[in-house]
Amino acid sequence: MKIAVFSTKPYDRSYLDAANETIGHELAYFEARLDKDTVLLAQGFPCVCVFVNDVVDAHVLLELKAGGTSLIALRSAGFNHVDLKAARQLGISVVRVPAYSPHAVAEHTVALLMALNRKTHRAYNRVREGNFSLDGLLGFDLYGLTVGIVGTGQIGQAAARIFNGFGCQLLGYDLYPNEACREMGMEYTELDDLFRRADIITLHAPLTPETYHLIDSDSIGLMKRGVTILNTSRGALIDAQAVLAGLKTGKISHLGLDVYEEEGDLFFEDLSNQIIQDDVFARLLTMPNVLITGHQGFFTGKALENIARTTLENVKEFEETGSSANLVSSEKVQG
Ligand code: NAI
């Protein structure tokens, strides 16, 4: 099938090209993000392939439909950036990559925590300048601490396994508790109870109307003083203003983010010669106890290989059968 592939970096192209050797689609790569200004590039392509910060709202979908597109192939698990209701009304199908490496994201979450805890990012710079002082580098033992995992699907479960290995107590909150997590000793509890009891809170739920700003001033109010918050799911699970306030008072002792609500204007680009306009984000960057990465949780060779292969196979299956096992089903449409 002819596929317009948006938001492609050289690494995407090399993995997609390798996977396509045996599949044989006609791939046209665009570096641009898909949005209302770039949608014309997709004219005449029956399939459009997008990543997490492409804009796939009702307006863009309408334009895509007019240009002959009937399939959106997501190179991601999350589909919160697609207006599924509009897609369904227009008869555009959406396929995704439900699992490419939950371990990649879980391991990155723990990498953020470990760096924040033992201040590896600060120690690295200090030692390179010949400063071997330990002042300010005091960490904590993870063993015995309580980790609250919100969303215990594939990534949450992989994270639980790692924290279990550290000897942490596991608390979980999910609409559908996971037996494998229970077998590791996870105690499922109400969200407020998790907020009250956890030393470390890590978010692995999708962005939905229910999870939007799950971490806000009210929930922070319930948390232990000195709580650590990690978010590698979607930025809008966190109200960044509220978290900033919590960091200033010391209520939140550490914050590790791989995602940010307004990341669409920032992440995946080199903006080092520009002035960041988002003052909340810029303030977060000044804090020694905040570690932010630019949505790289997924970024391992294995995950890129799986994303490329599954994406192209989804399109092939759809081309041959008119459906796909990885179709984003209409019951996932919110509202
Ligand atoms: P999954 O679908 O396996 O698990 C999500 C879990 O969240 C499910 O168990 C579901 O029941 C639960 N959930 C849904 N609504 C909830 C709510 N209101 N409250 C509590 N739990 C709720 O998804 P997976 O693969 O574990 O991914 C989780 C999220 O991680 C994705 O939705 C995506 O946003 C994010 N992600 C981030 C990546 C990164 O590079 N940083 C890469 C891949 C995914």
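Here the structure is a predicted model, which is why all the values come from computation and not from measurement. Read the numbers this way: they start at 1 and go in the same order the structure lists the ligands and their atoms.
- Atom-to-atom distance recorded for Thr293:OG1 and Tyr260:OH is 14.5 Å, nearest 0.5 angstrom.
- Below 30°, between 30° and 60°, or above 60°: for His295 and Phe268 the angle between ring planes is between 30° and 60°, a tilted geometry.
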**OP:** For the pair Phe51 and Phe298, evaluate ring pair (Phe, Tyr, Trp, His ring centres under 6.0 Å) and give the outcome as yes or no after the intermediate values.
**Re:** CA-CA 12 Å; Phe51 197 46; Phe298 72 100; 5.2 Å; yes
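- Note: Ile252 CD1 to Ile220 CD1 = 4.0 Å, rounded to the nearest 0.5 Å.
- Polar contact with ligand 1: absent for Asn80 (N/O pair, distance under 3.5 Å).
- For the residues Thr152, Leu175, Thr109, the heavy atom positioned nearest atom 16 (C) of ligand 1 is part of Leu175.
- With respect to the salt-bridge test (charged N to carboxylate O, under 4.0 angstrom), the residues Arg182 and Glu179 qualify.
- Within the 4.0 Å heavy-atom cutoff, Ser233 counts among the residues contacting ligand 1.
- Listed by number with element, the atoms of ligand 1 under 4.0 angstrom from any heavy atom of Asp258 are 39 (C), 40 (O), 41 (N).
- Residue, atom and distance of the protein heavy atom nearest to atom 13 (N) of ligand 1 are Pro206 CD, 3.8 Å.
- With no hydrogens or angles considered, no side-chain donor-acceptor pair links His108 and Thr232 at under 3.5 Å.
- If you check which protein heavy atom lies closest to atom 36 (N) of ligand 1, you get Arg234 NH1, 3.7 Å.
- When heavy-atom distances to ligand 1 are checked against a 4.0 Å cut-off, Asp174 comes that close through both its backbone and its side chain.
- The distance from ligand 1 to the heavy atoms of Thr211 drops below 4.0 Å at these ligand atoms: 17 (C), 18 (N).
- Listed by atom number, the atoms of ligand 1 under 4.0 Å from Gly151 heavy atoms are 7 (O), 21 (N).
- Within a 4.0 Å radius of atom 23 (O) of ligand 1, the protein contributes no heavy atom.
- Within ligand 1, counting atoms from 1 as listed, the ones closer than 4.0 Å to a heavy atom of Gly297 are 40 (O).
- Remark: the Thr8 side chain and the Arg13 side chain contain an N/O donor-acceptor pair separated by less than 3.5 Å.
- Set against the non-hydrogen atoms of Ala205, the atoms of ligand 1 under 4.0 Å away are 7 (O), 21 (N), 22 (C).
- Between Tyr29 and Asp17, the side chains place a donor N or O and an acceptor N or O closer than 3.5 Å (distance only, hydrogens not considered).
- Note that CD1 of Ile238 is 9.0 Å distant from OG of Ser219, once rounded to the nearest 0.5 Å.
- Side-chain contact of Ser272 with Asp270: a donor-acceptor pair under 3.5 Å is present, judged by distance alone.
- Here Tyr100 has side-chain heavy atoms under 4.0 Å from ligand 1, and that is the only part of it that gets that close.
- Residue-ligand proximity: Thr232 is placed with a non-hydrogen atom under 4.0 Å from ligand 1.
- When each atom of ligand 1 is checked for a heavy atom of Val105 under 4.0 Å away, the hits are 38 (C), 42 (C), 43 (C).
- Taking atom 40 (O) of ligand 1 as the reference point, the nearest protein heavy-atom neighbour is Phe298 N, 3.0 Å.
- Checking atom 19 (N) of ligand 1 against the protein gives a heavy-atom contact under 4.0 Å.
- Under 4.0 angstrom from ligand 1, the non-hydrogen atoms of Ile155 come from both its backbone and its side chain.
- For His204, every heavy-atom contact with ligand 1 shorter than 4.0 Å involves the backbone, none the side chain.
- At a heavy-atom cutoff of 4.0 Å, ligand 1 is contacted by the side chain of His295 but not by its backbone.
- Here the protein heavy atom with the shortest distance to atom 3 (O) of ligand 1 is Gln154 N, 2.9 Å.
- With respect to Arg33 and Glu269, no salt bridge is recorded, no charged nitrogen being found less than 4.0 Å from a carboxylate O.
- Residue Ala104 comes nearest to Ala303 through the heavy atom pair CB-CB, 4.4 Å, listed as atom of the first residue, atom of the second, then distance.
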Subject >> Leu271 vs Leu266, side-chain contact (heavy atoms from CB on, under 4.5 Å): CA-CA, chis, key distance, verdict >> reply: CA-CA 7 Å; Leu271 305 180; Leu266 299 166; 3.9 Å; yes
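- Comparing heavy-atom distances from atom 4 (O) of ligand 1 across Gly153, Pro209, Pro177 singles out Gly153 as nearest.
- The shortest separation from a heavy atom of Phe299 to ligand 1 is not under 4.0 Å, leaving the residue out of contact.
- In this structure, a donor-acceptor pair under 3.5 Å is absent between the side chains of Thr189 and Glu187.
- Applying the 4.0 Å criterion to heavy atoms of Tyr176 picks out, from ligand 1, the atoms 11 (O).
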